[in-house]
> 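Before I ask anything, let me first share the structure, which is written out below as structure tokens.
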Amino acid sequence: MTRSSLRTEEVVSMTVTGQDTNTRRDTDTGTDADVDTDAARAIGGLADERASVRLRAALAIGSAPDPRYVGPLVERCATEPEFFVRDMLTWALNRHPVTLTLPALLQELRSEHPQARSQALHTLSKIGDPQAWPAITRALLTDPDDEVARSAWRAAVVLVPEGEEPALTTVLATQLGRGGHETQLSLSRALVALGEPMVAALLPARTAADPAVRAHALATEKLLRDPDTGFAFAIEEAKRVVALGGSGQEGH
């Protein structure tokens with residue numbers, strides 16, 4: 001743990017136990033100045049060129065939440081290149097009150113930078129507050145950036161209100177066939193997580209002109225029926241069915 005977080009925790013501990021802070025040599029003004037310095041140091045650490053320092057800074061911030069940290073955390077999410085640091089940033093944001101984090105994250109969904117949108121969606125899915133649902137728009141669910149779209153699909157599955165699943169599956173089904181293996185896997189997982197409502201949404205895709213769309217639809221339905229089937233196997237089998245002119249409806 002960093003010196004910054006240790007010092008902050010010391011002040012918090014003394015307040016909770018009722019220890020008289022006046023018995024310390026520091027004056028109240030000096031203590032406040034120290035805390036401000038610690039906060040500035042932690043925020044500065046988020047931009048350090050060393051990933052290990054950025055990771056420790058995010059850990060220290062999450063260990064001693066403070067409203068001053070929310071803005072810098074959200075801002076860093078938009079540019080942080082390392083996955084494991086971004087994950088810690090999300091954890092640190094989750095340690096802060098939703099009343100502070102939610103408005104900042106919702107604003108990021110309108111950013112012109114794909115990583116800002118993607119990471120905000122990822123964090124919203126971890127927070128899981130239903131107030132975020134109206135912000136999961138069709139534009140985000142069909143975002144041209146695959147990482148943004150994948151994050152939106154995952155967030156939507158977590159946040160969708162009861163009764164809204166059919167409408168969500170209809171939108172998600174329009175994305176069948178897009179992207180590479182990882183993108184298609186993410187979409188199939190999202191659709192399968194929504195359960196039976198997705199079956200009707202897949203029907204138009206099963207007869208689509210694009211063979212990639214038909215194969216993806218067949219593979220997704222197979223995953224719903226047989227969860228133990230691996231996606232790689234399901235998609236390859238579906239491609240063979242489509243190549244042979246089948247629709248996958250035989251036996252249904």
Side-chain angles (χ1 to χ4, degrees), residues 1-2 4-5 8 38-133 135-137 139-159 175 178-190 193:
M1 185 173 292
T2 64
S4 171
S5 60
T8 303
D38 293 341
R41 185 182 296 113
I43 291 170
L46 296 176
D48 194 276
E49 62 180 13
R50 295 161 295 180
S52 60
V53 174
R54 300 196 302 274
L55 182 69
R56 290 197 298 271
L59 175 61
I61 287 174
S63 299
D66 187 296
R68 291 173 294 182
Y69 293 142
V70 173
L73 285 170
V74 172
E75 182 179 347
R76 185 62 199 177
C77 282
T79 58
E80 174 54 51
E82 299 293 342
F83 169 79
F84 63 93
V85 179
R86 292 199 302 272
D87 211 37
M88 188 64 76
L89 292 170
T90 290
W91 172 81
L93 281 166
N94 268 299
R95 295 274 295 165
H96 288 76
V98 173
T99 53
L100 297 177
T101 58
L102 189 60
L105 292 168
L106 294 180
Q107 184 174 347
E108 285 294 278
L109 298 184
R110 298 189 292 271
S111 172
E112 62 181 12
H113 302 293
Q115 184 173 308
R117 301 195 301 277
S118 176
Q119 196 63 23
L121 286 162
H122 172 68
T123 306
L124 287 170
S125 73
K126 296 299 183 182
I127 293 174
D129 192 295
Q131 295 180 85
W133 168 247
I136 311 301
T137 61
L140 288 170
L141 294 169
T142 62
D143 196 286
D145 186 279
D146 283 347
E147 290 305 312
V148 175
R150 292 174 66 194
S151 295
W153 302 337
R154 289 190 290 265
V157 168
V158 171
L159 299 170
Q175 301 304 291
R178 75 173 279 181
H181 177 86
E182 292 302 320
T183 299
Q184 293 193 5
L185 175 58
S186 292
L187 181 58
S188 291
R189 284 175 171 169

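Quick caveat, the model's predicted, so the values are computed rather than measured. Only heavy atoms go into these numbers, but all of them, side chains included; no hydrogens, no water, no symmetry mates.
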> Which heavy-atom pair separates Ser111 from Ala116 by the least distance, and what is that distance?
OG-CB, 3.5 Å
> Partners of Ala135 by side chain to side chain contact (heavy atoms under 4.5 Å, CB included), sequence neighbours excluded?
Leu106, Leu109
> Rounded at 0.5 Å granularity, tell me how far CD in Gln131 sits from CG in Leu159.
11.0 Å
> Return the minimal non-hydrogen interatomic distance between Tyr69 and Ile43, and the atom names on each side.
CD2-CG1, 3.8 Å
> Nearest 0.5 angstrom please: Leu121 CG to Leu105 CG, how far?
9.5 Å
> Quick one: side chain to side chain contact (heavy atoms under 4.5 Å, CB included) partners of Ala190, sequence neighbours excluded?
Trp153, Val157, Leu172
> Any pair with a residue in residues 139-148 that passes salt bridge (Lys or Arg N to Asp or Glu O under 4.0 Å), sequence neighbours left out, goes on the list, sorted by first then second residue, please.
Arg117-Asp143, Asp146-Arg178, Glu147-Arg150
> Just verifying a value: how many Å separate Ile127 CD1 and His122 NE2, rounded to the nearest 0.5 Å?
10.5 Å
> Contact between Val158 and Arg154 at the side-chain level, heavy atoms closer than 4.5 Å - yes or no?
no
> Under the salt bridge (Lys or Arg N to Asp or Glu O under 4.0 Å) definition, can you give me all pairs with a residue in residues 77-88, not counting sequence neighbours?
Arg54-Glu80, Arg76-Glu80
> Could you tell me whether the side chain of Ile61 reaches within less than 4.5 Å of the side chain of Asp66, counting heavy atoms only?
no
> I need the Thr142 OG1 to Gln175 CD distance, nearest 0.5 Å.
5.5 Å
> Which pairs with one or both residues in residues 89-110 pass side chain to side chain donor-acceptor pair (under 3.5 Å), sequence neighbours excluded?
Thr90-Gln119, Thr90-Thr123
> By side chain to side chain donor-acceptor pair (under 3.5 Å), which residues pair with Glu182, not counting sequence neighbours?
none
> For the residue pair Cys77 and Gln115, what are the closest heavy atoms and their distance?
O-NE2, 2.9 Å
> Give a yes or no on whether the backbone of Pro114 and the side-chain of Ser118 come within a donor-acceptor separation of less than 3.5 Å.
no
> Nearest 0.5 Å, what's the CG-CG distance between Leu100 and Leu93?
10.5 Å
